[in-house]
Amino acid sequence: MTETQPNTPERQPSAPRGPWRLFWERLRRKKLAMAGAWILLALYSVSLLAGFVAPYKYDRIDKERSFHPPTRLTLQGGLPAVYRYEKFGEPASYAIAEGPKVRLRFWVQGESYTLLGFLPCSTHLFGASDSQTPLFLLGADQFGRDIFSRLLYGSQISLSIGLIGITLSLSLGMLIGGFAGYVGGSSDFVLMRLCELIMSIPGLYLIMALRSVFPASISSTTMYLVIVAILSFIRWASSARVIRGMTLSLRERQFVLAARALGQSRLQIVLKHILPSTFSYVIVAATLSVPYYILGEVVMSYLNVGIQEPEASWGLMLNAAQNHQYVQDYPWLLAPGGAIFLTVLAFNFLGDGLRDAADAKSS
Amino acid sequence: MSPTPDSNTNFSSAPLLEVCGLQLDFLKDGQALRAVDDVSFELKAGESICLVGESGCGKSVTALSVARLVPSPPARYVGGQIRVNGKNVFEMSPKELQQIRGGVVSYIFQEPGASLNPVFRVGDQILESLKLHRPASATREEVVQLLKLVGIPAPEARIHDYPHQLSGGMQQRIMIAMALASHPRLLIADEPTTALDVTIQAQIIELLKDLRQRIGMSLLLITHNFGIVGDLADRVVVMYAGQIVELAASATLLARPLHPYTRALMNSVPKLGGESDRLTAIPGNVPNLGSFPKGCRFHPRCPKARAECSESVPELREVEPGHWVRCPFWMS
Amino acid sequence: MWTFIARRLLYLIPLLIGVSLLTFLLMSLTPGDYFSELEQNPQISPATLAQLRAKAHLDKPWYVRYGYWLANAARLDFGYSIANKRPASELIFERLWNTCLLSMAAIVLAWGVAIPLGIWAAVKKDGWADRSCSLIAFVGLSIPEVLLALLALMFAASTGWFPIGGTQSSDYFLMTQGQVLIDRLHHLILPTAVLAASELAGIMRQMRSNLLDTLRAEFVTTARAKGLREGSVIYRHALRNAINPLLTMFGYSLASLLSGAFIVENVMAWPGLGRLTMESLTKKDPEIVVASVVMATALLVVGNLIADLLLAWSDPRIRVK
């Protein structure tokens, strides 16, 4: 709203700032939102390089070290090292062994894996110098698998499922919502009744009913796609309704009418005026609904209708904590719960900040 | 240098309201923006004053400050005093303030629809005011009487209505009834007709005029419309960008406005009946809070601006008895 | 008002038919049926299997079976559960009641705690109370229900203060009526607390922002200008208006509440509709799944209707429409 006033040379009108610039400046002032963004950046980077950061593969079983506690880190001669553990009794319990500790080394060679899905590689970020000494940063599960490594491999599923799911459901929602709002008439009526039908069934009931259409055990890739498809199928309805409503109201807004009066083509109007106006809603809605997909996978895998052993996913790993006797004795089994919490919290921080920044009224 | 009314006017009692050097900032993004700057005037019992100016000139904030109704933060009082019955409202306890509000000073606002609580019946809202200030007469009959006083037809039925069931004009009458219920000595009306239809505006102005004569209370009317000044005001205060630019008896001011802004403002209002000159819009825009021009705040838009106008803020001077102007070149 | 309710209830019928049709279709696409396992059993001849299937109408195409199902369901008869060996309606209504009980208890607890906290946070805006409430809200919004339920189970197991799973103790038939009631409440507490905790954060945040919005409204200035005490301004004039948008939210939040109940039921072994759905899916008992989904939907729609009625009761502007 800066007016240039010809007869006020001493007034210095502040440089005009575009809406995105303003948006960014408002966002940058929100500490929690920025914290959330940094946490997510870190989580996604580590997840991308899971094979490299994880000391072991997700399915490496060590039957001798069932429920091994988290390995304690220490310093030896100023360098990082880990304690060794002794096992005794049945069911097994572990205690720190006397004697020398084992050095922790970086850039060690270990099991081979494929980096980013195509680069064969066997270098790991860190590992114990003695390959006989286990390095379980977050302990081991019933089968002696490293929970930390499984958490990293599992993050590839949990973290990507949200992004893919939101892309799918939003594109479907924008397509159908935009179409319904644009065409109107009976197709609008039918589509909106369908949306209402889907939205009136409590989410998890519909998820489970849809899931039952597919066989109980299928390959892990197919399962991943099935989960994403089901979660997106349920979610598109609400975004379609919102987008339809926005299309309808935007069509009548003054700036669109003005653009039409200026003789801009319909495509120009949609591209330059209507879509950018829905964009801030789309970004905020996307960020705030990523947790829905993450939690959806968690619930499905936890209830044994999602990702299956020996694959790793956060929900599936929580399933091991189902037995409360185990959880009491081996609390590290709850580590995936912490990971889910941190991720969802970061998304909520960021989404909240984005919403406030997009809503100029609040500042 | 507080401008006082003419010594020869017939208001003999002590001032009911004195505003002395009021300064108020709004805090926004860590910046203090001056919204009201050194505003002084006084109002005697029974007197009626109009505060005139464009939106954003500080007139509403000044009026709301009388009963400390501007929430702070974001507002911050920097200097000056407001004395009601001789007592500074900035030094009052919450209890004293509650007695002043309604008891001495009542308000009506621009949007009656938004100013009435949507979930309570209008009768109950008026009754609430009675209970606070005149508990002895807090009865249904008194409410009906008040509705009759403000000219609401079938008052017995209306008291059970919710605000949204009434028209804008009726809602404003309800607001007036509610304001009068507590028998205030001063009614502050903040643009009471702006949001209403033109025909309704005239009715509400008539009502205020009539009530003033009948009840004999003081009136502080805030408006941006010179059309209603002559009808209601004894004196007029013209404000621009947080400052008073002209203050005079309404007859004097309407006949001979001295400040260029007052003249421009009057020329931009269509006059009914008068041999109409051309309507002239004031060039430029009202300056935003925090970006007031240096020197005389009106000079960028002033048709008679000179070089020295941009250098220092002119003082508000009494150029004739009771006529104050903030422009050294008022004579030209 | 009554026509409004009647219209909404009438709308329920096509909706429930649509939901049952959709679910039935999905169930018919499910690979295998209840008798699939018996196919491996050499002692059961294919002829017997065919007979069994015919008896359960499993040899007919899905739309014929849907016809049977719908005709019976219209009389609230959901058939016979072959997996559970008991009339389905009995089972469904028992589980529906448990889900209702859990959800209502959680609603009462969540709203009872969230509203005062939200008001407190709004009144003390930017103070320590507000900040800690907002922190709790973020944590509450982000903690997965599965984890919360697991933690509650762990808590119950390690302290022994609460029973694990079920609605009542196995020896309930030895108890007096009063003891039975207390025993049931004892079983209800922990699942309710978990479900309420996950709902609480959203309500609290909404309450806070509603009240802050309302406190900026012009009628609040009017109320102050009258000379009302700040307490009356907030708790009488502002609060009464801030509640209204919350009632709209109540309707929306029911869907997430029922999904939350689904999780709590399955993790904490509370025998409600959600648990029944999972059990029946595993046991290949499609009729029960369809009935559960329909019942859950009905619960949601009726809950929404109640929310709308509450709103109409609370907001005179809606009442006339």
Side-chain angles (χ1 to χ4, degrees), chain B residues 60 63-64 66-71 73-74 94-122 124-134 160-165 171 174-175 178-179 181-182 184 187-190 195, chain C residues 1 115 119 122-127 130-131 207-250 307-321:
Chain B
S60 291
L64 285 172
V66 171
R68 292 278 309 272
L69 287 174
V70 187
K95 195 115 200 153
E96 283 175 298
L97 262 181
Q98 281 155 26
Q99 277 157 8
I100 292 288
R101 293 171 177 171
V104 181
V105 185
S106 275
Y107 281 86
I108 58 177
F109 299 106
Q110 181 170 350
E111 297 242 11
S115 304
L116 288 165
N117 193 324
V119 301
F120 297 126
R121 296 175 198 278
V122 293
D124 293 339
Q125 298 193 46
I126 297 173
L127 201 64
E128 192 178 36
S129 208
L130 284 170
K131 277 184 192 151
L132 282 167
H133 300 286
R134 293 197 294 139
H160 300 296
D161 282 351
Y162 287 96
H164 71 271
Q165 292 169 293
Q171 288 172 344
I174 297 285
M175 277 299 287
M178 193 160 81
S182 53
L187 178 68
I188 298 183
D190 187 356
Chain C
M1 181 55 77
I115 289 189
I119 296 170
V123 172
K124 308 267 179 206
K125 184 171 183 284
D126 294 330
D130 185 21
R131 278 167 210 281
M207 183 70 232
R208 174 184 178 274
S209 72
N210 284 350
L211 188 55
L212 285 177
D213 280 349
T214 316
L215 282 172
R216 279 194 286 269
E218 287 173 46
F219 60 79
V220 168
T221 310
T222 309
R224 279 207 189 98
K226 273 179 177 177
L228 282 169
R229 281 182 302 109
E230 196 58 20
S232 307
V233 172
I234 293 175
Y235 295 107
R236 202 174 128 72
H237 282 261
L239 191 58
R240 195 53 187 71
N241 281 276
I243 289 285
N244 293 339
L246 218 59
L247 291 173
T248 314
M249 187 197 150
F250 174 72
D308 286 351
L309 291 177
L310 279 175
L311 184 61
W313 167 74
S314 159
D315 191 339
R317 282 164 298 183
I318 308 248
R319 216 173 294 168
V320 266
K321 278 178 199 161

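None of these values were measured; they are calculated from a predicted model. Below, chain A is the first sequence line, B the second, and so on; all start at residue 1.
- C:T222 contributes a side-chain N or O that, together with a main-chain N or O of B:S115, makes up a donor-acceptor pair within less than 3.5 Å.
- Your options are C:N244, C:L215, C:T221, and the one with the most heavy-atom pairs under 4.5 Å with chain B is C:T221.
- Of the two parts of B:L132, only the side chain, counted from C-beta on, holds a non-hydrogen atom closer than 4.5 Å to a non-hydrogen atom of chain C.
- In this structure, chain B has no heavy atom under 4.5 Å from any part of C:A217.
- Geometrically, C:R224 does not engage B:Y107 in a cation-pi contact defined by less than 6.0 Å to the ring centre and at most 45° from the axis.
- At a 4.5 Å heavy-atom cutoff, B:Q99 makes no contact with chain C through either its backbone or its side chain.
- Proximity of C:F219 to B:Q125: side-chain heavy atoms (C-beta onward) are nowhere separated by under 4.5 Å.
- When the shell of 6.0 Å around CZ of C:R229 is examined, it contains 12 or fewer heavy atoms from other residues, nucleotides or ligands.
- When all heavy atoms are compared, the tightest approach of C:R236 to B:F120 is O-CZ, 3.6 Å.
- Of the two parts of B:A114, the backbone and the side chain both hold a non-hydrogen atom closer than 4.5 Å to a non-hydrogen atom of chain C.
- Between B:P118 and C:P316 the shortest heavy-atom distance is O-CG, 3.2 Å.
- Between C:K226 and the choices B:K131, B:R101, B:Q98, B:E128, the side chain to side chain contact (heavy atoms under 4.5 Å, CB included) rule is met once, by B:E128.
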